[in-house]
**Q** 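Submitted below is the structure of interest, expressed as structure tokens.
Positions are given from 1, in the same order as the sequence printed here. Because the structure is a prediction, the values reported are computed rather than measured.
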Amino acid sequence: MQKTELDRLAIGMMVLFCTIWGMQQVAIKLASTGISPVWQAGLRSIGATVIVLLWARMRGVRLGERDGTLVPGVLAGLLFAAEFALIFLGLEYTTASRGVIFLYTAPFFVALGAVWLLPQEHMRRAQWVGMALAFGGILVLFGEHLFMPTDRAWIGDLMIMLAAVFWAATTLTVKASALARVSAEKTLLYQLAVSALVLPLLSVALGEPGVFAPTPLVWASLFFQTFIVAGMSYLGWFWLVRQYPATRLSSFSFLTPVMGVLAGGLLLGEAMTPAVFGALFLVGAGIWVANRPR
């Protein structure tokens with residue numbers, strides 16, 4: 001039976017996962033010093049696909065049944081591939097701390113899309129207020145570099161915000177299709193497997209060199225993304241969703257951009273400007289307000 005309140009185990013796991021997810025952008029930046037961005041994203045998806053397949057086999061999850069999920073599953077996989085291609089390419093231009101803030105505007109794009117695609121999920125006043133706060137944070141952060149001709153950070157900012165739109169589109173595809181009725185493992189596997197096929201082809205089409213400067217740090221960063229982020233943390237998240245109320249768990253999501261900004265500053269020495277802290281406060285406050293219980 002699903003529990004109604006979060007206990008110490010759930011809280012501890014959510015803090016750990018938010019820290020892991022916040023550090024993902026830092027790992028991408030570190031691995032990009034030796035692996036081309038889209039090729040790196042493809043390697044990550046290939047490794048994570050193997051992990052989820054093994055997990056599903058161990059748990060006896062049926063993946064081959066005909067359940068009407070093939071078309072929406074492939075669509076979700078293509079959207080997932082586009083999202084991560086934009087994230088990895090965008091981080092070539094902007095910082096990890098800025099990138100994580102823009103990426104975690106995705107819940108608000110989900111809320112906007114739900115107005116048309118999921119009319120049964122009505123927007124509450126608190127959700128509109130939260131979206132307004134987050135949008136204010138985007139304006140603060142995006143405007144910091146927009147009017148500086150020599151600074152191309154706005155290109156990466158725009159790419160990662162577009163990645164957030166694709167993330168939201170993936171979520172809406174899952175919620176509005178037959179994917180909402182199948183196991184979480186199968187839904188995740190569609191996204192990972194399709195992106196594992198598409199991203200390497202895209203990398204070749206872009207003329208990327210692939211692995212060009214392998215070092216222990218580069219491989220460690222790729223390992224972190226593949227096995228810790230896309231493998232263990234996602235599977236742990238699915239377990240939590242089955243055991244605890246999703247609305248209570250989602251209230252912790254504001255911790256992820258906080259952890260991402262701190263990781264960017266501490267591990268990469270990125271500048272912590274007033275605009276970064278202002279945007280972090282507004283986006284975090286927006287997520288918290290939008291996820292408050294009724």
**Q** Within the structure provided, determine whether R44 and Q24 are in side-chain contact (heavy-atom separation under 4.5 Å).
**A** yes

**Q** Would T170 and Q191 count as a side-chain hydrogen bond (donor to acceptor under 3.5 Å, both in side chains) here? Give the steps.
**A** CA-CA 9 Å; T170 305; Q191 297 170 59; 5.3 Å; no

**Q** For the backbone of L63 and the side chain of K186, can you confirm whether one donor and one acceptor N or O come within less than 3.5 Å of each other?
**A** yes

**Q** Below 4.5 Å, heavy atoms only, C-beta onward: do V38 and L89 meet side chain to side chain?
**A**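 With C-beta onward as the side chain, the pair touches.
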
**Q** Do T215 and V218 have side chains that approach each other closer than 4.5 Å (heavy atoms only, starting at C-beta)?
**A** yes

**Q** Distance check, rounded to the nearest 0.5 Å: L103 atom CG versus Q25 atom CD?
**A** 5.5 Å

**Q** Less than 4.5 Å apart, side chain to side chain, heavy atoms only: is that true for I35 and W219?
**A** yes

**Q** Say whether, by atom type as modelled, one donor and one acceptor occur between the side chain of T105 and the main chain of I101 under 3.5 angstrom.
**A**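 Pair absent, no side-chain N/O of T105 close to backbone of I101.
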
**Q** Would you say V276 ends up clustered with F102 if hydrophobic residues are merged whenever their side chains have heavy atoms under 4.5 Å apart, either directly or through other cluster members?
**A** yes

**Q** Do M23 and F224 have side chains that get closer than 4.5 Å, going by heavy atoms?
**A**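 Yes, close enough: below the 4.5 Å cut-off.
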
**Q** Donor-acceptor check, side chain of T33 to backbone of L30, threshold 3.5 angstrom: yes or no?
**A**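 Yes, the answer is positive, given that a donor and an acceptor are paired below the 3.5 Å cut-off.
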
**Q** Linking I/L/V/M/F/W/Y whenever their side-chain heavy atoms sit closer than 4.5 Å, directly or via other members, would L192 and L70 fall into one cluster?
**A**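 The answer is no; the residues belong to distinct hydrophobic clusters.
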
**Q** Within the 4.5 Å heavy-atom criterion, are M232 and F227 side-chain neighbours or not?
**A**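 Counting from C-beta outward, M232 and F227 never come under 4.5 Å.
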
**Q** For residues F277 and F281, establish whether the separation of their ring centroids is below 6.0 Å.
**A**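 No, too far apart.
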
**Q** Would you call the rings of Y104 and W167 parallel, tilted or perpendicular, where under 30° means parallel and over 60° means perpendicular?
**A**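 Rings of Y104 and W167: perpendicular, as their planes differ by over 60°.
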
**Q** First locate atom OG1 of T69, then atom OH of Y190, and finally report the distance between them rounded to the nearest 0.5 Å.
**A**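 OH of Y190 is found 3.0 Å from OG1 of T69.
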
**Q** State, with a plain yes or no, whether a side-chain heavy atom of F88 is found less than 4.5 Å away from one of E83.
**A** no

**Q** What distance separates T226 OG1 from I51 CD1, expressed to the nearest 0.5 Å?
**A** 7.0 Å

**Q** Would a hydrophobic clustering, with Ile, Leu, Val, Met, Phe, Trp and Tyr connected at side-chain separations under 4.5 Å, put L280 with L267?
**A**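 Cluster IDs for L280 and L267 match.
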
**Q** Check the hydrophobic clustering (I, L, V, M, F, W, Y; side-chain heavy atoms under 4.5 Å; chains of links allowed) and say if W237 and V182 are grouped together.
**A** no

**Q** If I take atom CG from residue L43 and atom CG from residue L199, how far apart are they, to the nearest 0.5 angstrom?
**A** 9.5 Å

**Q** Check the pair S233, W21 against side chain to side chain contact (heavy atoms under 4.5 Å, CB included), reporting the backbone distance first and the verdict last.
**A** CA-CA 8 Å; S233 74; W21 298 333; 2.9 Å; yes

**Q** Can you find a heavy atom in the side chain of M159 that is under 4.5 Å from one in the side chain of Y93?
**A** yes

**Q** Within a 6.0 Å radius of atom CH2 on W39, are there more than 12 heavy atoms belonging to other residues, nucleotides or ligands?
**A** no

**Q** Give, for atom CD1 of I228 and atom OH of Y234, the distance between the pair rounded to the nearest 0.5 Å.
**A**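 Reported value, rounded in 0.5 Å steps: 12.5 Å.
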
**Q** Before you tell me yes or no, could you show the steps for L75 and V71 under side chain to side chain contact (heavy atoms under 4.5 Å, CB included), namely the whole-Å CA-CA distance, both residues' side-chain angles and the distance that decides it to 0.1 Å?
**A** CA-CA 6 Å; L75 175 59; V71 172; 5.7 Å; no

**Q** Is it the case that the side chain of S36 and the backbone of G210 share a donor-acceptor pair, with hydrogens and angles ignored and the cut-off at 3.5 Å?
**A** yes

**Q** Among L86, L78, I87, T171, which one satisfies side-chain contact (heavy atoms from CB on, under 4.5 Å) with F166?
**A**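 When side-chain contact (heavy atoms from CB on, under 4.5 Å) is applied between F166 and each of L86, L78, I87, T171, only L86 qualifies.
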
**Q** Taking NZ, NE, NH1 and NH2 as the nitrogens, is one of them in R98 or D157 under 4.0 Å from a carboxylate oxygen of the other?
**A** yes

**Q** E270 side chain to A96 main-chain N or O, any donor-acceptor pair under 3.5 Å?
**A**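 Checked: pair present.
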
**Q** Mind checking the OG-CG spacing from S195 to L202? Nearest 0.5 Å is all I need.
**A** 11.5 Å

